[in-house]
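Written out below as structure tokens is the structure these notes cover.
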Amino acid sequence: MNLPTAPGGFEVDVMELEVEVPPGKLLTYDLRSLASHLHILDTACMAVETDGLTRALVTVYAAPPLDKLDPVRGEDLVMDDQGWLTVGRYHDGQPAQIRLYVPGSGAQRGALFGTTGAGKSRALQLILAAEKRSGIVTWLADLKGGQSVPEAAGQVDWRVTTQEGLLAMLQAAVRVAEERMSRYAAMGRSSFLINRPDPLLSVRIDEANRALEKGAPYRDKIAALIKELGRTGRSVGVGISIAAQASHVDELGGSDTLRGMLKEGDTILLRWSSSMMQSLVSDGLLPPGTHIVPIPKRTGPPVLRSRFATVRPGAKVARGNTGGMAYLLGSDRPTAMMRFFPVGSMHEVEGLDPLILDLYGPGEPAHLEVTSHEAAGPAYLTRDGDGPAELVAAAQEQTQALVEEAAAEQKASTSGKAPIAVRIMRALEEAAEAADGDDSEGAGALDFDEILAAVNADGGKTVGAASVRNNLSILNRADRIAALGSGRYTLPA
Ligand SMILES: Nc1ncnc2c1ncn2[C@@H]1O[C@H](COP(=O)(O)OP(=O)(O)OP(=O)(O)O)[C@@H](O)[C@H]1O
Ligand SMILES: [Mg+2]
């Protein structure tokens, strides 16, 4: 279709429709029907933003609007005094921003989800470079053995590449948070002030799914530490974020572990799988009623080729990739498609990518405040692999003990040996914890199906409905749980 030329400024041709449904109705739409109706062959040329209720803004472009963005320049990657960082553009050309720090409140929690090749590591690399340029202390776990974001080596305060290293790092972060907490309490301070005196500490995990998926060796411990940091870190300036490929939130650390954290944190959704979308909706991580336009794997209209058509030799249909396209679900435009600035070379380079190294800029990254070194412990102090011999030995010993504890815990929880009653209690405890602070009636209660699902998602042996029902009635008779009627159970008051 021919679109009228946009007045000034924006380069592509564009048309905008404002849509509203009558009062009493809720706006829903089917993207493909809408595209067909508007004669649009390439859904990458459409953006549909909704207010979650009755109104939508449909923008149609003559060419995919985010096909070409200028690469980010290092000097742009400094967060402003309100903690905002521009990481890309929305489809309409407006700056897309994420927040690394909220003055008066503290550090952020966040997650970056996307299928393989969606652009998680590039987006992460952009954020890592911004953290370096903003004087933020970054602790990074690159669980692909250091191959996901290899350029980050030496550009962050602490980098680990194994799950054992991650355990040590998370424990150190929890201890730093505790230490800061008591220090701030002694100062009579109730909120975190950046660089007064301590820097923001940002813990980031790429390929977090490797540590949190079923069968991961320290899944429970790592999930618990992440959750702990999510709970205690914010107000003392210790942030935690993960980048993960997952098809379901439950895959990440079991039933409720990360859900609470994600709900309050900032979720960024790159190209996803349909099951991920369902779980984000059913988990309430997307505001109710939110529809977002799926990100196709490639832009450009799909091609039908007749056997009778004469195909010119070499005639290829230009279809762009969509890496880096995403939705910032925690922003004030959760349904507006955006794209991260391109980072690094767009073709494979051998070894480290010089463009990415440039992004980090010269000089040392910021380091953890000396006051917290003791709390961070020997693993932190010997993170470069050197240091006094006894400190290196202490670090190894401490990490070894932690690893053994985590492995033993994991074995106990996944051997399926935990009695069903214990697993039911755990599920109800987790639900109560997730509903902490919610005073509404029945908050934290689970119905039978939810209990059955939670028990079967805890990594243990699969159990049938009959055994769960049986155990529920035993627990109920023993007053270990309370029945709320209509099949719902909770912990006794
Ligand atoms: N912002 C962007 N703009 C343009 N292209 C991008 C962008 N981000 C990523 N890409 C393209 O997508 C490819 C994959 O990106 P990246 O390695 O970050 O994905 P990933 O989600 O980390 O994948 P994996 O699951 O394999 O780790 C890049 O090599 C690049 O070609
Ligand atoms: Mg990656």
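All values derive from a computational prediction rather than experimental measurement.
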Any chance you could lay out the side chain to side chain donor-acceptor pair (under 3.5 Å) test for D142 and T161, step after step, and finish with the verdict?
CA-CA 5 Å; D142 178 348; T161 57; over 6 Å; no
Under the side-chain contact (heavy atoms from CB on, under 4.5 Å) rule, what do V160 and L140 come out as? Steps first, then yes or no, please.
CA-CA 6 Å; V160 299; L140 169 72; over 6 Å; no
Could you go step by step and tell me if H373 and L381 meet the side-chain contact (heavy atoms from CB on, under 4.5 Å) rule?
CA-CA 7 Å; H373 278 195; L381 296 172; 3.7 Å; yes
Given V203 and I226, is the side-chain contact (heavy atoms from CB on, under 4.5 Å) satisfied, shown in steps?
CA-CA 10 Å; V203 182; I226 291 177; over 6 Å; no
Check step by step if salt bridge (charged side-chain N to carboxylate O under 4.0 Å, His left out) holds for E228 and R231.
CA-CA 5 Å; E228 174 78 13; R231 212 164 50 80; 3.1 Å; yes
Does the pair L124 and F340 meet the rule for a side-chain contact (heavy atoms from CB on, under 4.5 Å), with working shown?
CA-CA 10 Å; L124 177 64; F340 282 89; over 6 Å; no
Using salt bridge (charged side-chain N to carboxylate O under 4.0 Å, His left out), reason through E131 and R204 one step at a time and then give a plain yes or no.
CA-CA 11 Å; E131 290 190 331; R204 299 198 176 264; 2.8 Å; yes
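Between L100 and I136, some side-chain heavy-atom pair lies under the 4.5 Å cut-off. With a 4.5 Å cut-off on side-chain heavy atoms, Y327 and M337 count as touching. The side-chain heavy atoms of D206 and L143, taken from C-beta on, include no pair separated by under 4.5 Å. Put simply, the side chain of L359 does not reach to within 4.5 Å of the side chain of L355, judged on heavy atoms. Counting heavy atoms from C-beta on, the side chains of Q108 and S241 never come closer than 4.5 Å. Counting heavy atoms from C-beta outward, L57 and E16 have side chains that approach closer than 4.5 Å. Looking at heavy atoms from C-beta onward, T86 lies in side-chain contact with F341 at the 4.5 angstrom threshold. The shortest distance between side-chain heavy atoms of I268 and L329 does not fall below 4.5 Å.
For the atom pair CZ of R183 and CD of E178, the computed distance is 13.0 Å after rounding to the nearest 0.5 Å. The distance from the CE atom of M338 to the CZ atom of R333 is 10.5 Å, given to the nearest 0.5 Å. Atom CZ of R99 is separated from atom CG of D80 by 8.0 Å, given to the nearest 0.5 angstrom. Atom-to-atom distance recorded for T54:OG1 and L26:CG is 8.0 Å, nearest 0.5 angstrom. Here K227 contributes atom NZ and D220 contributes atom CG; the two are 10.5 Å apart, rounded to the nearest 0.5 Å. Here R109 contributes atom CZ and D266 contributes atom CG; the two are 9.5 Å apart, rounded to the nearest 0.5 Å.
Between D198 and Y184, the shortest heavy-atom contact is OD2-OH, 2.6 Å. Closest approach of Q97 and L328 over heavy atoms only: O-CD1, 3.5 Å. The shortest non-hydrogen separation linking T371 to E179 is O-OE2, 3.8 Å. Closest of all the heavy-atom pairs between K120 and G114 is NZ-O, 3.1 Å. In this structure, S372 and E369 approach most closely via the heavy-atom pair OG-OE2, 2.5 Å. Counting all heavy atoms, side chain and backbone alike, L66 lies closest to M325 at CB-CE, 3.8 Å.
Listed for the D157 side chain is no donor-acceptor partner under 3.5 Å among the backbone atoms of H367. Remark: the backbone N or O of A379 is not paired with any side-chain donor or acceptor of Q398 at under 3.5 angstrom. No donor-acceptor distance shorter than 3.5 angstrom exists from the side chain of T50 to the backbone of R55, with no hydrogens or angles considered. Judged purely by atom type and a 3.5 angstrom limit, R180 uses its side chain to pair as donor or acceptor with the backbone of V236. Proximity of a side-chain donor or acceptor of R339 to a complementary backbone N or O of G323 within less than 3.5 Å is detected. Between the S148 side chain and the K144 main chain, no donor and acceptor come within less than 3.5 Å of each other. K132 contributes no side-chain N or O that, together with a main-chain N or O of V156, makes up a donor-acceptor pair within less than 3.5 Å.
The pair R210-E207 counts as a salt bridge, with a side-chain nitrogen and a carboxylate oxygen less than 4.0 angstrom apart.
Within 6.0 Å of CD in E75 there are more than 12 heavy atoms belonging to other residues, nucleotides or ligands. In the displayed structure, D70 atom CG is contacted under 6.0 Å by at most 12 heavy atoms of other residues, nucleotides or ligands. Within a 6.0 Å sphere centred on CD of E20, other residues, nucleotides and ligands contribute more than 12 heavy atoms.
Relative orientation of the H91 and Y61 rings is perpendicular, given thresholds of 30° and 60° on the angle between their planes.
Judged as a ring pair (Phe, Tyr, Trp, His ring centres under 6.0 Å), the pairs with a partner in residues 145-177 (not counting sequence neighbours) are, in order, W139-W158, W158-Y380.
Defined by atom type and a distance below 3.5 Å, a donor-acceptor pair is missing between the side-chain atoms of T138 and R159. Side chain to side chain, S105 and R234 meet the donor-acceptor criterion of an N or O pair below 3.5 Å. Judged purely by distance below 3.5 Å, without hydrogens or angles, the side chains of Q245 and N209 never pair a donor atom with an acceptor atom. Neither side chain, Q82 nor Y101, offers a donor N or O lying under 3.5 Å from an acceptor on the other.
For the side-chain contact (heavy atoms from CB on, under 4.5 Å) test with L126, the passing option among V72, I98, I356 is V72; the others fail.
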